[in-house]
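Written out below as structure tokens is the structure these notes cover.
Chain letters run A, B, ... following the sequence lines, proteins first, then strands; residues in each count from 1. The analysis underlying the following values was restricted to heavy atoms, covering all of them including side chains, and did not include hydrogens, waters or symmetry mates. What you are looking at is a predicted structure, and each value in this text was computed from that prediction instead of being measured.
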Amino acid sequence: MTRLSQLLLPTERQPPADAEAISHKLMVRAGLVRQLGTGLWTWLPAGWRVHQKVVQIIREEIDGVGGQEMLMPVLQPADAWQRTGRYEIDELFKLQDRKGADMVLAMTHEECVTTHVAQVVRSYRDLPFSLYHFQIKERDEPRPRAGVLRTREFIMKDAYTFDRDEAGLQAHYDAYAGAYDRIFDRTGLRWYSVESDVGMMGGSGAHEYMAPCPAGENEVALAPGYAANVEIASAEPQPVRLPAPLAAPESVHTPGATTVEDVARLLDVPAGGLLKAFPVVVDASEDARVAAGGLVLVVVRGDHRVNEIKLANVLGAPWRPAREDEIAARIGPAGFIGPVGHDVPILLDDAVAQDGGYIAGANETDHHLRGVRPGRDFAFEPVDVRTVQAGDTVGGAPITIEPAIEVGNIFQLGTRYSAPLGASYLDVNGKEQPIVMGSYGIGPARIVAAAVEQFADEQGIAGPRALAPWDVEIVALGKPGSDELAAAEGLYRELRSAGLEVLLDDRPLGPGSKFADAELLGCPLRLTVGRRSLQEGRAEAQLRRGLQDVEGGIPLDGAAEAVAELWRTLP
RNA sequence: CGGGGAGUGGCGCAGUCUGGUAGCGCACCCGGCUGGGGGCCGGGCGGUCGCAGGUUCAAAUCCUGUCUCCCCGACCA
């Protein structure tokens with residue numbers, strides 16, 4: 001249905017009162033989506049067209065690297081989830097069928113696809129291959145937000161690769177990375193890929209594809225040739241002017257000064273001249289540094305923050321902040337603790353200079369030590385556990401940090417799922433081997449929202465042509481039955497038969513309303529058929545991006561060729 | 001889960017403090033005018049005031065409970 005008079009396109013003059021994000025406001029105002037409940041969204045006809053455009057781009061490129069499209073169910077038996085340990089995840093929707101059997105609503109499809117592959121694959125001759133589908137994911141998110149950006153139910157393209165070994169996985173991973181590059185280029189989005197945390201899923205490598213925009217939930221550290229999620233980013237710290245260490249640490253009276261800011265002000269030193277002590281309790285770990293588990297003192301520069309994900313990766317085990325009584329028993333009074341004079345293992349962040357004289361807690365109420373030198377005054381293991389800051393450098397260039405939406409990820413799973421679910425094969429020697437897997441996700445809805453965020457202007461959506469609901473919107477001016485309307489109808493038919501996707505605004509409204517709606521919806525090319533140019537046998541043309549008028553418009557005679565020509569120049 | 005805010009026609013809001021039988025703009029319907037940037041005139045339709053209970057002669061308004069939604073944080077395999 002591409003006559004506006006008959007299309008369900010409920011545009012709104014005002015955004016929903018509770019909307020904050022640009023994409024939330026505009027996608028609702030433009031009539032693309034409607035909310036049903038928290039994190040639950042309906043795609044209206046125009047919005048669904050956009051979503052499907054993204055889906056088709058993805059499909060073509062994944063097919064291009066040998067992915068085989070299929071479809072797996074959302075409602076699944078709980079069994080496989082119990083075996084992989086993911087049944088315990090809070091975000092997983094759990095339910096029972098009428099017989100009382102435990103079921104789940106899938107949040108991804110590793111369990112399902114691996115179960116099938118385990119049944120089907122016998123020999124190394126059956127490998128490698130890759131499978132994918134577009135399917136709804138259900139996640140009981142603690143906090144859905146920003147319209148379609150973070151929802152409880154959404155469609156994901158999730159692909160899975162199955163290989164004999166790490167080398168095969170790497171080849172698949174590289175092929176998918178190439179497909180992803182082409183996908184995101186084709187969408188017209190501004191994007192980049194970053195190294196990302198492999199998280200509790202383990203595995204050997206992961207990248208996230210990020211679309212920078214103000215509503216993004218992730219922070220990305222960027223420098224020339226460098227892009228990483230702040231969760232795992234590393235960089236050279238900004239230098240701090242430090243006094244030389246004293247011959248021996250010297251106690252100073254610092255009454256009531258329990259924070260870095262207090263101490264820095266009191267002693268008139270920069271915050272970076274302090275050592276910040278962060279005591280944590282670690283589960284038993286394979287890491288030799290904390291083999292026994294228990295209390296560990298993490299020490300970073302006073303102006304830095306401990307990065308909890310980097311710390312977890314260093315520790316190789318779950319951890320929690322230590323309680324005050326645990327701290328008091330082994331180190332000293334909370335607020336005045338430091339690395340000197342106790343036997344708690346110390347992890348010292350690399351940003352701490354080892355030749356400086358630092359201020360550190362004295363492990364005594366109302367006292368700090370001055371002139372502390374790492375290595376001499378306390379033993380430590382060097383680690384990289386701080387969160388990078390804007391202005392730190394990578395290869396000499398300062399980094400910037402910007403918010404971004406994660407629109408896709410690729411992940412080397414290894415045997416995380418094949419092992420517990422028994423997906424194995426017999427190798428050339430007749431020996432049983434676990435299948436090596438990768439997983440690859442893309443959220444089409446996030447791509448749509450990111451495009452709206454990145455390219456919106458005062459009038460509405462101005463996204464890339466690849467993501468427009470229609471290629472061209474024709475605004476027909478004039479009364480019902482007028483020459484203008486008849487000419488617009490003719491233009492509409494001609495462009496359609498030339499293979500263009502065309503929306504015709506044939507509603508009996510004033511021009512202002514039609515122009516406003518057209519700009520809100522954001523078709524990349526708008527043709528206006530009105531009295532002004534009709535007498536010259538032309539239609540006016542305006543490019544949505546930048547609201548640029550096309551000089552002279554286009555001729556009605558030969559319109560299809562003219563539009564096709566124009567189309568090639570659009571962003 | 002912690003903190004903050006909000007539920008009154010399709011959308012945006014006022015009314016709540018100080019109880020007295022629901023109002024404004026837009027949208028919508030009818031008629032007319034208008035026809036290049038959300039136009040004008042006239043006439044209309046539409047609301048269990050989130051829900052439940054309580055106080056009262058009387059509740060959108062006061063009290064209790066509950067549900068829903070939004071924002072910040074925690075979380076995010």
Side-chain angles (χ1 to χ4, degrees), chain A residues 8 10-21 24-25 28-29 31 34-41 81 84-92 104 106-111 137 139-147 149-152 154 156 158 196-203 206 208 215 217-218 229 231 308-309 312 318 320-321 405-406 409 411-414 416-417 420 439 441 443 458-460 475-485 488 505 507-520 526-535 539-540 542 547 549 553:
Chain A
L8 182 71
T11 57
E12 296 290 347
R13 246 175 126 141
Q14 286 162 309
D18 48 28
E20 296 276 324
H24 183 184
K25 291 179 182 172
V28 171
R29 286 192 55 209
R34 287 263 154 155
Q35 183 172 21
L36 183 65
T38 303
L40 299 171
W41 289 83
W81 295 78
T84 60
R86 296 170 95 198
Y87 191 67
E88 309 308 321
I89 295 172
D90 290 334
E91 281 73 27
L92 184 66
V104 306
M107 48 194 294
T108 59
H109 283 75
E110 279 87 357
E111 278 78 2
K137 306 293 178 249
R139 296 184 185 179
D140 196 358
E141 290 284 351
R143 190 155 106 72
R145 57 176 292 275
L149 229 41
R150 185 173 201 78
T151 55
R152 291 194 291 178
F154 61 98
M156 179 189 261
D158 43 324
S196 69
D197 182 40
V198 296
M200 299 307 271
M201 286 177 83
E208 289 165 342
E217 299 185 276
N218 295 275
N229 195 317
E231 289 177 347
E308 303 190 352
I309 291 169
R320 61 173 171 81
I405 300 177
E406 181 188 347
N409 62 62
F411 206 101
Q412 301 186 17
L413 286 176
R416 167 68 179 83
Y417 294 92
S439 76
E458 299 268 300
Q459 326 302 328
V475 173
L477 300 181
K479 305 177 193 185
S482 64
D483 292 347
E484 293 99 307
L485 209 51
D505 191 348
R507 296 173 300 177
L509 296 179
S513 306
K514 295 187 175 191
F515 291 142
D517 273 353
E519 280 149 18
L520 199 50
R526 186 183 85 198
L527 300 179
T528 304
V529 180
R531 198 179 296 156
R532 255 184 221 168
S533 57
L534 186 58
Q535 53 205 11
E540 292 137 70
Q542 185 187 68
L547 296 173
D549 284 324

### Query
How close or far is atom P of B/rG35 from atom CG of A/Leu485, stated in whole angstroms?
16 Å
### Summary
By the Watson-Crick or G-U definition, both distances under 3.5 Å, B/rC13 is matched with B/rG23
#### Entry: Partners meeting side chain to side chain contact (heavy atoms under 4.5 Å, CB included) with A/Ala516 (sequence neighbours left out)
none
#### Entry: All ring-ring contact (aromatic ring centres under 6.0 Å, His included) counterparts of A/Trp81, not counting sequence neighbours
none
### Query
Base, sugar-phosphate, or nothing: which does A/Gly37 touch, judged by heavy atoms less than 4.0 Å apart?
sugar-phosphate
### Message
Tell me if the side-chain of A/Arg143 makes a donor-acceptor pair with the base of B/rG2, cut-off 3.5 Å, by modelled atom types.
### Response
no
### Query
If you count the non-hydrogen atoms of other residues, nucleotides and ligands that lie under 6.0 Å from CD in A/Glu458, is the total more than 12?
no
### Lys/Arg-Asp/Glu bridge criterion (N-O < 4.0 Å) met for A/Arg145, A/Glu217
yes
### Message
Any base atoms under 4.0 Å from A/Ala516, or only sugar-phosphate, or nothing? Heavy atoms, all strands.
### Response
base
#### Entry: Spacing of the P atoms in B/rU68 and B/rG50 (rounded, Å)
16 Å
### Message
For the C1' atoms, the ones on B/rC76 and on B/rC51, what distance do you get once it is rounded to whole angstrom?
### Response
33 Å
### Query
Within the structure shown, what part of the strands sits under 4.0 Å from A/Gln14 by heavy-atom distance: base, sugar-phosphate, or nothing?
base
### Query
Which is true for A/Gln35 with a 4.0 Å heavy-atom rule: it touches a base, it touches only sugar-phosphate, or it touches nothing?
sugar-phosphate
#### Entry: Spacing of the C1' atoms in B/rG15 and B/rC33 (rounded, Å)
36 Å
### Message
Counting the atoms with a prime plus P, OP1 and OP2 as sugar-phosphate, which does A/Arg526 contact under 4.0 Å by heavy atoms, base, sugar-phosphate, or nothing?
### Response
base
### Task
Could you check whether A/Ala146 gets within reach of a base, just the sugar-phosphate, or nothing at all, counting any heavy atom under 4.0 Å?
sugar-phosphate
### Query
Is A/Pro10 touching bases, backbone alone, or none of the nucleic acid, heavy atoms closer than 4.0 Å?
nothing
### Query
With distance as the sole criterion, do the side chain of A/Glu519 and the base of B/rG37 form a donor-acceptor contact below 3.5 Å?
yes
